[in-house]
**Q** 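Just dropping this structure here.
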Amino acid sequence: MRRVGILGGMGPQATILLMQKVLAAVPAQDDAGHIPLIVDQNPQVPSRIRRLIEGVGEDPGPVLADMARRLVAGGAEALAMPCNTAHHYAPVIRAAVDVPFIDMVALSVQRAVGLAEGGQVGILASPAVRRIGLFDAAFAGTGIRPVYPEDEAALLAAIRQIKAGGPAPEVAQVLRAASDWLLRRGATVQMIACTEFSLLAGATAGGVTAFDTLDVLVGAIRDFAIG
């Protein structure tokens, strides 16, 4: 199998969840049947929220580029990053190394286009994702319009609460309310596009066709490693 390097720590629980999902994605009979990973669990990557929402703080780009170089030097044959917002810095990562970068955003948009078949897709993500147009650029030319929840302050507070204390029932209620708001506006297909929200399994509204960008990334890691 080919070895994949993980730019992790954004946040730490989401990185561990990715590793658990990669482990579960392969029906291995013993240790040697599992996918080899090199994980840089770096919670000290500068805050994407402070940089992209508040407009202050250190640029995460150089730190992510250094992580990418270390992972490749350690034997990674491709890179993946379980943080949607940090994909804003994907060009910096690609420029730093010569191995493939498995793009969770681009692959998730492909999945959404196949499910939505025109119309709109709800995006359950950090407000930074909307402000930097991360998914808007990826959806351009597809005929699909991304739609974002109205109460961005509640979503941002939920993300911060998960980072501080982990997932909790009241946080799941925030995500469900945002999902319900999107559903009432016609977004029957929704993307869980924040890996903090990936820790809240089953928290979307009833009647929604939802998928998690983290699961899309797991599938792509499996396909690269085994293929």
Side-chain angles (χ1 to χ4, degrees), residues 5-18 39-71 79-97 101-106 108-109 122-140 146-168 170-175 177-178 181-182 191-200 212-214 217:
I6 307 298
L7 293 94
M10 304 168 279
Q13 290 188 81
T15 304
I16 293 169
L17 180 61
L18 171 77
V39 181
D40 189 343
Q41 177 78 299
N42 184 7
Q44 278 71 51
V45 174
S47 169
R48 285 69 58 206
I49 290 173
R50 284 179 57 79
R51 182 72 175 186
L52 298 174
I53 295 180
E54 300 172 1
V56 297
E58 184 184 347
D59 182 1
V63 177
L64 293 170
D66 285 344
M67 291 169 67
R69 285 188 284 264
R70 287 197 300 269
L71 288 166
L79 300 177
M81 182 166 59
C83 177
N84 290 271
T85 306
H87 274 64
H88 178 67
Y89 303 98
V92 177
I93 295 168
R94 288 191 177 99
V97 294
F101 176 75
I102 303 173
D103 192 325
M104 176 166 61
V105 169
S108 297
V109 166
I123 311 293
L124 294 162
S126 163
V129 163
R130 180 191 62 78
R131 297 189 189 188
I132 62 178
L134 186 68
F135 284 99
D136 300 63
F139 275 112
V147 183
Y148 300 89
E150 181 179 50
D151 194 349
E152 292 187 334
L155 287 176
L156 185 58
I159 291 168
R160 284 176 164 147
Q161 184 172 344
I162 293 169
K163 287 182 179 295
E170 62 270 22
V171 184
Q173 291 173 9
V174 172
L175 185 63
W181 188 92
L182 291 169
M191 299 168 56
I192 299 170
C194 173
T195 50
E196 262 70 54
F197 294 154
S198 299
L199 297 160
L200 304 171
D212 194 328
T213 59
L214 188 65
L217 182 60

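Quick caveat, the model's predicted, so the values are computed rather than measured. All values below were derived from every heavy atom in this structure, side-chain atoms included, with hydrogens, water molecules and symmetry-related copies excluded. For this chain, numbers begin at 1 and follow the sequence in order.
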**Q** Can you tell if the side chain of L52 reaches within under 4.5 Å of the side chain of H88, non-hydrogen atoms only?
**A** yes
**Q** Tell me, please, which residues at least two apart from V97 pass side chain to side chain contact (heavy atoms under 4.5 Å, CB included).
**A** A68, R69, V72, L79, V99
**Q** Quick check: do M104 and M81 have side-chain heavy atoms less than 4.5 Å from each other?
**A** no
**Q** For E170, enumerate each residue passing the side-chain hydrogen bond (donor to acceptor under 3.5 Å, both in side chains) test, keeping only those at least two apart in sequence or located in another chain.
**A** Q161
**Q** For L155 and A178, which heavy atoms make the closest approach, and how far apart are they?
**A** CD2-CB, 3.9 Å
**Q** So does D136 pair up with R131, basic N to acidic O under 4.0 Å?
**A** no
**Q** If you take all heavy atoms of P82 and L214, which pair is closest and at what distance?
**A** CB-CD1, 3.7 Å
**Q** What pairs with R51 under side-chain hydrogen bond (donor to acceptor under 3.5 Å, both in side chains), at least two apart in sequence or on another chain?
**A** none
**Q** Any heavy-atom pair between the side chains of L134 and V105 that's under 4.5 Å?
**A** yes
**Q** What pairs meet the salt bridge (charged side-chain N to carboxylate O under 4.0 Å, His left out) rule with one or both residues in residues 153-168, with sequence neighbours excluded?
**A** E54-R160, K163-E196
**Q** For Y148, what residues pass the ring pair (Phe, Tyr, Trp, His ring centres under 6.0 Å) criterion, not counting sequence neighbours?
**A** none
**Q** Rounded to the nearest 0.5 Å, what separation is found between the SG atom of C194 and the CD1 atom of I159?
**A** 4.0 Å
**Q** Starting at OG1 of T195, measure out to CG of L17 and round the result to the nearest 0.5 Å.
**A** 8.5 Å
**Q** Could you pull out the closest heavy-atom pair between G8 and M67, with the gap in Å?
**A** O-CE, 3.7 Å
**Q** Please round to the nearest 0.5 Å and tell me the distance separating atom CG of D40 and atom CD1 of I6.
**A** 10.5 Å
**Q** Hey, are the side chains of L124 and P149 touching, using non-hydrogen atoms and a 4.5 Å cut-off?
**A** yes
**Q** Would L199 and I162 count as a side chain to side chain contact (heavy atoms under 4.5 Å, CB included) here? Give the steps.
**A** CA-CA 9 Å; L199 297 160; I162 293 169; 3.8 Å; yes
**Q** Can you name the closest pair of heavy atoms from A125 and A193 and give their distance?
**A** CB-O, 3.4 Å
**Q** Please name all residues satisfying side-chain hydrogen bond (donor to acceptor under 3.5 Å, both in side chains) with T85, sequence neighbours left out, ordered by chain then number.
**A** none
**Q** Report the distance from atom OH of Y89 to atom CG of D59, rounding to the nearest 0.5 Å.
**A** 5.5 Å
**Q** Report yes if the side chains of P46 and V63 come closer than 4.5 Å at any heavy-atom pair, otherwise no.
**A** yes
**Q** Indicate the atoms forming the closest heavy-atom contact of G5 with L71, along with that distance.
**A** C-CD1, 4.0 Å
**Q** Do D103 and H87 come within less than 4.5 Å of each other through their side chains, counting heavy atoms only?
**A** yes
**Q** With a 4.5 Å heavy-atom cut-off, do M191 and F135 have their side chains touching?
**A** yes
**Q** To the nearest 0.5 Å, tell me how far S198 OG sits from I192 CD1.
**A** 6.5 Å
**Q** Give the minimum heavy-atom separation between L156 and I53, together with the two atoms involved.
**A** CD1-CD1, 4.0 Å
